[in-house]
Number of protein chains: 2
Amino acid sequence: MLAPNIYDANCPTRQVLNRIADKWAVLVLGLLVDGPVRFNRLRRTIDGLSQKMLSQTLKNLERDGLVHREAKATVPVTVEYSITPLGLTLAETVEAIKIWAESHIADVQKAQKRYDKISNHS
Amino acid sequence: MLAPNIYDANCPTRQVLNRIADKWAVLVLGLLVDGPVRFNRLRRTIDGLSQKMLSQTLKNLERDGLVHREAKATVPVTVEYSITPLGLTLAETVEAIKIWAESHIADVQKAQKRYDKISNHS
DNA sequence: TTTATATGGTTTCGATAAGATACTAGGTGT
DNA sequence: ACACCTAGTATCTTATCGAAACCATATAAA
């Protein structure tokens, strides 16, 4: 087995990066660290996330072994999503991204204003 | 000023997340932590990254104050990209994502095989 | 009995973003 | 004159996203 090289487009690590370096995946995982959440609750909590993309994101996360799906025989059927032990090892680092965005937003906005004012960006 | 809430689609932190939770941004920042790199070297190093997307990614990172662009009066003109102090505070966490992908790839692939084998996923 | 609600999705289609390729512009070497 | 270097931009095609509608199942209300 070759050493993983994320800068190689054909390396499997690249496919994984494409999945986890995704806004919806980051937000979903960020919610699941606090305990299992049902489909529609995720959809309502994550503003702007469509059912289609949530479904797709969860399917991908489940396939990658990061999230566990459990359909409960209630009426109507409820589906509970929870984070797996593997997912938990990732959650810490995606949490860090969320936290970075929330704590450095002022600096970023200041930089954007400066960039837009100078505007010699053809 | 309101408390930042990344789960709100209109919160500025969400826009920032869209930028940094991006495969190309993660890979570019990951390279710049080791020192300034020129445009074409980034393009050649990051396999699969087109000139267009690199140009766009760098422009966004520069606007957000994460990357600094410096055109040097050489012949031909060379453009050097470097990470800013603000970018450096982010780099640690995106590095963690890169590292996670590279170190947990085996677990992910195992999970994918199991998922694909069971295949009762309509 | 028809209508409305809830659950967790899938399908369809138009808009948007990404990717491949060609091209620009200024200068050097042959 | 022509190829080649730099760092991009322009154009066109293809893949992905998002909004809305639809599906299946069951409950409760009108």
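Proteins come first, then strands; the chains are lettered A, B, ... in the order of their sequence lines, and each starts at number 1.
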Inset, instruction - Sequence neighbours left out, what pairs pass salt bridge (Lys or Arg N to Asp or Glu O under 4.0 Å) with at least one residue falling in residues 112-121 of chain A? - result: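 Counting only pairs at least two positions apart or across chains, the salt bridge (Lys or Arg N to Asp or Glu O under 4.0 Å) contacts touching residues 112-121 of chain A are A:D116-B:R63.
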Legend entry - Close approaches to DNA chain C from residues 33-42 of chain B, in residue order (heavy atom, under 4.0 Å):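 Heavy-atom contacts with DNA chain C come from no residue of residues 33-42 of chain B; none.
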Atom pair distance, as rounded to whole Å: [atom1] in [X] and [atom2] in [N]:
{"X": "A:R14", "N": "C:dA18", "atom1": "CZ", "atom2": "C1'", "answer": "14 Å"}
{"X": "B:R69", "N": "D:dA7", "atom1": "CZ", "atom2": "C1'", "answer": "8 Å"}
{"X": "B:L54", "N": "D:dG8", "atom1": "CG", "atom2": "C1'", "answer": "10 Å"}
{"X": "B:N18", "N": "C:dA18", "atom1": "CG", "atom2": "P", "answer": "11 Å"}
{"X": "B:R43", "N": "D:dT6", "atom1": "CZ", "atom2": "C1'", "answer": "12 Å"}
{"X": "A:R44", "N": "C:dG9", "atom1": "CZ", "atom2": "P", "answer": "14 Å"}
{"X": "B:N60", "N": "C:dA17", "atom1": "CG", "atom2": "P", "answer": "11 Å"}

[Y] side chain reached by [X] side chain, heavy atoms, under 4.5 Å:
{"X": "A:I83", "Y": "A:H68", "value": "no"}
{"X": "A:R69", "Y": "A:V79", "value": "yes"}
{"X": "B:W100", "Y": "B:V108", "value": "yes"}

Legend entry - With B:V94, the side-chain contact (heavy atoms from CB on, under 4.5 Å) member among B:I99, B:L27, B:V26, B:V33: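 Exactly one option meets the side-chain contact (heavy atoms from CB on, under 4.5 Å) with B:V94, and it is B:V26.
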Taking every non-hydrogen atom, the tightest pair across [X] and [Y]:
{"X": "B:A9", "Y": "A:D47", "result": "N-OD2, 3.0 Å"}
{"X": "A:A101", "Y": "B:V16", "result": "CB-CG1, 4.2 Å"}
{"X": "B:F39", "Y": "B:L54", "result": "O-CD2, 3.4 Å"}

Legend entry - B:E95 with B:K98: basic N within carboxylate O range, under 4.0 Å: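 The answer is yes: the pair qualifies as a salt bridge.
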Legend entry - Base versus backbone protein contacts along nucleotides 12-30 of chain D [heavy-atom cut-off under 4.0 Å; B, S, -]: -----BBB-B----SS---
Inset, instruction - Could I get the full list of salt bridge (Lys or Arg N to Asp or Glu O under 4.0 Å) partners for B:R43, not counting sequence neighbours? - result: none
Inset, instruction - Would you please name every residue forming a salt bridge (Lys or Arg N to Asp or Glu O under 4.0 Å) with B:E80, sequence neighbours left out? - result: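 Here the qualifying residues are B:K72.
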Inset, instruction - Just report the end-to-end axis angle for the helix from C:dT1-D:dA30 to C:dT30-D:dA1, five pairs per end, to 10 degrees. - result: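 The angle separating the two end axes equals 30°.
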Inset, instruction - Look at A:K59 and C:dT10 and indicate whether a side-chain polar atom (N or O) is within less than 4.0 Å of OP1 or OP2. - result: yes
Inset, instruction - Using only side-chain N and O atoms of A:S55, determine if any of them is under 4.0 Å from OP1 or OP2 of C:dT10. - result: yes
